[in-house]
Amino acid sequence: MSIRERLSGNEAAAIAMKQINPDVVAAFPITPSTEIPQYFSTFVSNGSVDTEFVAVESEHSAMSACIGAEAAGARAMTATSANGLSLMWEMIYIASSLRLPIVMSLVNRAVSGPLNIHNDHSDAMGVRDSGWIMLFSESNQEAYDNLLMAHRIAENPNVRLPLMVCQDGFITSHSIENIQLEEDELVKKFVGTYKPEHYLLNDKEPIAVGPLDLQAYLFEHKARTSRSYEKC
Amino acid sequence: MTEINSKTPMEKLTEGGNIYTAGNAREFKTGDWRSVKPIYLSEKCKQCGLCFPVCPDNAIPVNKEQKREDFDYDYCKGCGVCAKVCPFGAIIME
Ligand code: SF4
Ligand code: SF4
C-alpha cells in the first residue's frame with residue numbers, strides 16, 4: 001500500500017535516499033538543495049540508515065568521495081545545485097568516464113552571476129555532454145519516483161553510467177505537494193543490493209581504475225559511453 | 001585482457017579502460033621517454049649497492065648474488081638519480 005503524504009521536493013528526495021539506504025553519501029550544502037543532505041544527516045544520526053555520511057569541505061570533494069566509494073564497490077549518492085555542480089565539473093567527467101553509477105539529486109538553480117538562487121537549468125546544461133544520465137522531474141512525486149528508479153537504471157550492466165535526478169529549485173524543492181510514498185520494504189526489494197562485477201576492494205581481483213587512455217582508446221571509450229545511453 | 005591493443009574494437013575494450021590484472025606496469029615500456037642515458041662503467045663499480053634502491057623505475061637489475069647488472073633500458077627514463085648517487089663515478093650520463 002502506498003502511503004499518502006504531503007512533502008516538499010527536498011523532503012521527497014531525502015526520504016527516497018533514506019529508503020535506498022546507500023553505503024556512502026558525501027555532500028556539501030548549497031541552496032536550494034541544502035535540505036537534502038541536512039535531512040539525510042538526521043537519518044544518519046538517528047540510525048534510520050546505515051550510510052557513511054562524509055561531510056566534505058567542497059563539492060569537488062563530494063564528487064571525489066563518491067567516485068572513490070563507488071570504485072571501491074559501494075553505492076554512493078550526493079546532492080547539489082548550481083555553482084556546487086560547477087565546482088564538481090572536473091570530477092563529473094571522471095565519474096562518467098570510469099562508468100561509476102553514482103546517483104545525484106540535482107536541485108536546478110541558475111549558475112551565478114549575477115547572483116540568483118532560483119531556478120533555471122544552466123547547471124545541468126553545463127554538464128549535458130559529460131556522459132551522465134539526466135532525469136528531469138516535473139513534480140515532487142517525480143523527484144521521488146525518479147530517485148527510486150535511479151540505481152536500477154544507472155547500475156544496469158548494459159548502462160553503467162552515473163545519473164542525476166533533477167528537480168526545479170524552489171518551484172518543487174520548497175513547495176509542499178501531495179505525494180504517494182512506497183513502503184520501505186518494497187523500495188528495498190525494488191532497488192536491490194549493489195553487486196558490481198569489478199571493484200577495487202575485491203582482494204580476489206586486483207584492478208586498476210582510470211589508467212592512461214591515449215589516442216588509440218579515448219574515442220572508443222567515449223563512443224562506448226554514448227552507446228550505453230541508448231540502452232537506458 | 002592483455003590481448004587488448006590499438007586494433008581492438010570498442011565493444012571488446014573494458015569499461016572506462018579499467019585493467020583487470022595486477023602487475024601490468026611491466027607491459028608499458030617507458031624507456032623511449034629518455035633523452036639522456038646512464039652508462040654503467042663496470043670496472044669502476046664497487047658493488048656498494050647505493051644506486052639500485054634510488055631508481056624510481058626499478059631499471060637497475062640486481063642478480064641472485066646481490067650484484068647490480070647493466071641497466072634495463074626498456075624502463076630507464078634517464079633521470080640521472082643513480083649517477084648522482086654513485087660515489088665511485090661508475091655511472092655517467094650521456
Ligand atoms: S637514470 Fe634514473 S631511471 Fe635510469 S637507471 Fe638511473 S635512476 Fe633509474
Ligand atoms: S652506486 Fe655506483 S659503485 Fe655502487 S653499485 Fe651502483 S654503480 Fe656500483
Side-chain angles (χ1 to χ4, degrees), chain A residues 66-68 70-73 91-102 130-133 154-162 195-232, chain B residues 1-38 51-64 69-85 93:
Chain A
C66 287
I67 289 169
E70 197 78 37
M91 305 316 289
I92 285 287
Y93 270 75
I94 292 177
S96 52
S97 53
L98 298 186
R99 311 295 300 270
L100 299 171
I102 297 161
S130 64
W132 280 63
I133 301 163
E155 291 167 5
N156 183 298
N158 294 323
V159 179
R160 302 261 320 153
L161 285 171
K195 295 197 195 78
E197 196 187 341
H198 306 286
Y199 55 98
L200 276 176
L201 290 185
N202 180 1
D203 58 2
K204 310 265 175 329
E205 185 198 49
I207 66 169
V209 174
L212 189 65
D213 205 47
L214 294 183
Q215 300 90 323
Y217 305 102
L218 182 83
F219 285 164
E220 278 78 355
H221 285 127
K222 293 284 181 199
R224 261 191 64 159
T225 306
S226 90
R227 197 166 284 184
S228 299
Y229 265 140
E230 293 154 22
K231 306 233 172 82
C232 293
Chain B
M1 174 68 232
T2 45
E3 287 85 63
I4 287 178
N5 59 49
S6 58
K7 300 272 185 297
T8 308
M10 71 177 193
E11 293 77 13
K12 298 239 162 68
L13 295 178
T14 62
E15 273 173 0
N18 286 351
I19 301 172
Y20 303 131
T21 49
N24 43 70
R26 201 172 285 123
E27 291 165 37
F28 189 34
K29 305 251 161 91
T30 49
D32 57 359
W33 299 11
R34 199 172 48 235
S35 59
V36 282
K37 183 175 175 182
C51 55
F52 53 82
V54 300
C55 174
D57 288 286
N58 208 8
I60 306 177
V62 181
N63 64 23
K64 290 218 170 59
E69 295 178 347
D70 203 357
F71 292 106
D72 184 346
Y73 292 115
D74 277 352
Y75 302 103
C76 166
K77 293 196 190 106
C79 67
V81 175
C82 55
K84 260 279 192 278
V85 143
M93 300 298 294

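- Remark: side-chain polar atoms of Arg99(A) are paired, donor with acceptor, to backbone N or O of Arg160(A) under 3.5 angstrom.
- The most heavy-atom pairs under 4.5 Å with chain B, out of Ser228(A), Ala223(A), Ala216(A), come from Ala223(A).
- The aromatic rings of Phe28(B) and Trp33(B) lie perpendicular to each other, with more than 60° between the two planes, well past the 30° mark.
- In the displayed structure, Phe219(A) atom CZ is contacted under 6.0 Å by at most 12 heavy atoms of other residues, nucleotides or ligands.
- Looking at His198(A) and Glu15(B), their side chains never come closer than 4.5 Å, going by heavy atoms from C-beta outward.
- With a threshold of 4.5 angstrom between heavy atoms, Leu100(A) does not approach chain B through any atom at all.
- Contact annotation for Arg224(A): both backbone and side-chain heavy atoms come within less than 4.5 Å of a heavy atom of chain B.
- Counting heavy-atom pairs under 4.5 Å between each of Lys222(A), Gln215(A), Glu205(A) and chain B puts Glu205(A) at the top.
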